[in-house]
Every structure is written in C-alpha cells, then in structure tokens.
Chemist: 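This is the structure I have questions about; it appears just below.
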Amino acid sequence: MQSQPVPTTSGETEESRRNFVKVPLVQIDAFADALFEGNPAAVMPLPEWLPDTVLQQAATENNLSETAFLVKDLPVGIQTPDPAHPSYHLRWFTPAVEVDLCGHATMAAASYLFDDVHPQAEKLQFHTRSGWLTVTRPAEGQYTMDFPSELPAPVAIDPDIAKALGVPVSEALKATDHIYMVEDAQTVIDLAPDLAFLASLPVRGTIVTAPGTGTDYDFVSRWFGAEAGVSEDPVTGSAHCQLAPLWAERLGKQEMLARQASARGGTVHIDFAGERTILTGRCVRFMEGTATLPR
C-alpha cells in the first residue's frame, strides 16, 4: 500500500508545504483620511517571485483595483540607487492585467513596510516598470511618493466618448489615459457615464476633470477604466501624474490640492516638479491576514 504524506500539527502535509507558500495579505485604504475612504489596495510581500499566472489569479481573487506584490531581491543587474535605504522590487496587478504604474498601491505597500518591517526607515525605494520610485514619511500616517510626470497632448474630442459621458465636454487630451475636460466640479461629481462603452475603449482609462471652483480643491477628477479592467477607480495616483502638469500650467501653481470625486473619494496633495510629480496622502489599514499561494 502506498504511504500517504504525514500531516503536520496544523493539518498540512509535507507535500502541501512544498507546493504552497503562506504570505502576508494586508488591505490598506490609500489616499484616505479615514477608514472606508480612498482606494483600497492589497499588499502581498513574497519571499520570491511566483509565476505570473499565480500573481494574476491572486489579484483577481482579491478583487480590488490593484494588488501590490513585492520581493526584497532586485532583478539581476539592477543596483539600488542608495544602499542606505531599503529597496524592493514592486509590481502591480489589477483583477485583469499587470500595469506599468500605480500610485495608491505603491503608497499602501510603503505604509505596510514602514509600519511592519522598517519602522526606523526614512525612505523606501521601489524598482518598478516605471523605473525607481521613492516614498518617504513626512508625518505619522502620511506618505509622499516621487513619480514621473506625464504631459498630456491635445486631441480632437471623440463624439462617442462625449456621448458616453453624457455631459458637455470642452476639451480632450491624451497621455496614458484619455482626459476629458468638463465645465465644473459638480458636473464631475454628478457624472453617470456609460461604463460599458468606456470599458470597451482601447486605452487604459478615461479621466474626467474640472477646476475645483466653489470647492476646497484646486481641481477634481474621476477615472473610469478600460484595459485595466476596473469600472471606476476610487483614487488614481498615476492619473494625477497626468493631471498635475495640465493643471499646474492652467492654474499657475506648483502646489495643488486635488480631490478624486468617486463614491469613496480621496484627497491628493500635489507638488508638481516638472519631470517629477510629488504625491502625498494618508493611509488607513483595514485588514491583515495570511494567504496561501501555489508556488
């Protein structure tokens, strides 16, 4: 008779321990001043990179706009910019795809590392698809990210997109995302677009934005996804890397306070520095546990 794997005291078998790995799973609300605001992200630190199919399945299972995966080892040939500060290899997955840049999940990953792994650190460094990104902690619960700026270019208004938005559109621009300008902040807040049509577009997402006249903010926005597989993102850090140069020029100011007017809502402090956009926000931890992933 063939022998069976011997269970451990926790109910696991030796075979399962070889084939699976347990990793922390922390859910953090980023760009949030209170719980249930901002954008929730899952953070999953790994001992080593697992197959991409596993990472995508885990992100789909988490069912949040992004899951941040990170490992301590950097890719072969990549050197840390400053050995005095911790460095990690960071990747982001939506429930559908891996993305090139994600602000709120970077902030969530930094929040986890500062609180649980490197409480004495002054700066964290992340190697990503968008190059090296850094996060500092200027105050308790507050995080500042140094991201690349992206200058939008004017394009013709697509009448089908304008129809899907269902409101008068004054201008269109394009960077990573479509950017559509509307008259005022209330129009952005009240927007009820045709999400199915916007999801069909061959672009990462569509941003709708307006000046913050009559609000406490310099400008407001909302972000609707297509190729990213997210209907509406609550707060999108990477979108503000496109909006920062646009609004800095139009408002004549480098420091701005922005609001992403989703149902959850989130506040983004911006310091536009030309080729770099500095984004600051707060994080609130919602949940922590352990996930079991196949190797």
Side-chain angles (χ1 to χ4, degrees), residues 5-32 35 38-76 78 80 85-121 123-130 132-135 137 143 145 228-230 233 237 283-295:
V6 178
T8 65
T9 55
S10 64
E12 297 175 323
T13 65
E14 292 295 335
E15 182 179 7
S16 68
R17 289 198 298 177
R18 289 193 302 269
N19 295 334
F20 292 85
V21 59
K22 291 184 179 293
V23 301
L25 171 58
V26 183
Q27 186 171 321
I28 294 171
D29 293 340
F31 293 113
L35 196 61
N39 201 348
V43 180
M44 302 186 73
L46 306 173
E48 60 189 19
W49 286 117
L50 301 174
D52 287 3
T53 53
V54 172
L55 302 184
Q56 187 61 73
Q57 288 169 334
T60 303
E61 184 81 0
N62 289 334
N63 199 30
L64 299 172
S65 56
E66 261 91 13
T67 296
F69 298 98
L70 60 155
V71 301
K72 184 62 177 171
D73 293 336
L74 299 177
V76 175
I78 300 297
T80 180
H85 302 289
S87 297
Y88 286 83
H89 186 189
L90 174 64
R91 298 169 66 185
W92 312 278
F93 285 75
T94 76
V97 296
E98 183 174 8
V99 296
D100 293 334
L101 183 64
C102 178
H104 84 280
T106 301
M107 181 177 288
S111 173
Y112 162 78
L113 290 173
F114 274 126
D115 289 347
D116 292 28
V117 184
H118 303 287
Q120 303 305 316
K123 180 170 69 174
L124 298 172
Q125 305 170 119
F126 296 105
H127 175 71
T128 74
R129 281 187 171 191
S130 293
W132 281 100
L133 309 175
T134 62
V135 184
R137 182 167 51 175
Y143 305 90
M145 305 186 297
V230 178
D233 200 33
C283 284
V284 181
R285 186 174 299 201
F286 169 64
M287 180 175 63
E288 54 189 77
T290 303
T292 302
L293 299 178
R295 293 185 183 274

Chemist: Can you tell me how far CG of Leu70 sits from OG1 of Thr106, rounded to the nearest 0.5 angstrom?
Modeler: 10.0 Å

Chemist: Please answer whether the main-chain N or O of Val135 pairs with a side-chain N or O of Lys123 as donor and acceptor at a distance below 3.5 Å.
Modeler: no

Chemist: Quick one: CD1 on Ile28 to CE on Met107, what's the gap to the nearest 0.5 Å?
Modeler: 11.0 Å

Chemist: Considering all heavy atoms of both residues, which atom of Arg137 and which atom of Ala121 are nearest to each other, and what is their separation?
Modeler: NH2-O, 4.2 Å

Chemist: Does Arg285 reach the side chain of Asp116, with side-chain heavy atoms less than 4.5 Å apart?
Modeler: yes

Chemist: Specify whether His127 and His89 have parallel, tilted or perpendicular ring planes, treating 30° as the upper limit for parallel and 60° as the lower limit for perpendicular.
Modeler: tilted

Chemist: Taking all atoms of both residues into account, what is the closest heavy-atom pair of Tyr143 and Ser111, and its distance?
Modeler: OH-OG, 3.3 Å

Chemist: Within a strict 4.5 Å, meaning less than it, do heavy atoms of the Trp132 and Ser87 side chains meet?
Modeler: yes

Chemist: Between Ala32 and Val284, what is the shortest heavy-atom contact and its length?
Modeler: O-CG2, 3.9 Å

Chemist: Test Leu50 against Val23 for side-chain contact (heavy atoms from CB on, under 4.5 Å), laying out the working first.
Modeler: CA-CA 11 Å; Leu50 301 174; Val23 301; 5.6 Å; no

Chemist: Nearest 0.5 Å, please: how far is CG in Leu90 from CG in Leu74?
Modeler: 11.5 Å

Chemist: Just so I know, are the side chains of Tyr88 and Pro45 near enough to count as touching, which here means a heavy-atom distance under 4.5 Å?
Modeler: no

Chemist: Does some side-chain heavy atom of Val26 sit less than 4.5 Å from a side-chain heavy atom of Glu288?
Modeler: yes

Chemist: How about Asn62 and Met44: do any of their side-chain heavy atoms sit closer than 4.5 Å?
Modeler: yes

Chemist: Please name the pair of heavy atoms, one in Thr67 and one in Ala59, separated by the smallest distance, quoted to 0.1 Å.
Modeler: OG1-CA, 3.7 Å

Chemist: Taking C-beta and beyond as the side chain, do Leu293 and Glu61 meet within less than 4.5 Å on heavy atoms?
Modeler: no

Chemist: Within the 4.5 Å heavy-atom criterion, are Asn39 and Leu64 side-chain neighbours or not?
Modeler: no

Chemist: Can you see which heavy atom on Val71 is nearest to which on Trp49, and at what distance?
Modeler: CG2-NE1, 3.1 Å

Chemist: Are Leu133 and Met145 close enough that some pair of their side-chain heavy atoms sits under 4.5 Å apart?
Modeler: no

Chemist: How long is the span from the CG atom in Leu46 to the NZ atom in Lys72, to the nearest 0.5 Å?
Modeler: 14.5 Å

Chemist: Which heavy-atom pair separates Ala105 from Trp92 by the least distance, and what is that distance?
Modeler: CB-CD1, 3.7 Å

Chemist: For the pair Ser130 (side chain) and Asp100 (backbone), establish whether a donor and an acceptor sit closer than 3.5 Å, ignoring hydrogens and angles.
Modeler: yes

Chemist: Using a 3.5 Å distance criterion without hydrogens, assess whether the side chain of Thr94 forms a donor-acceptor pair with backbone atoms of Ser65.
Modeler: no

Chemist: Judged by atom type as modelled, is there a donor-acceptor pair below 3.5 Å linking the side chain of Gln125 to the main-chain atoms of His85?
Modeler: yes

Chemist: Angle class for the Phe93/Phe69 ring planes (parallel below 30°, perpendicular above 60°, tilted otherwise)?
Modeler: perpendicular

Chemist: To the nearest 0.5 Å, what is the distance between CZ (Arg91) and CD (Glu98)?
Modeler: 4.0 Å

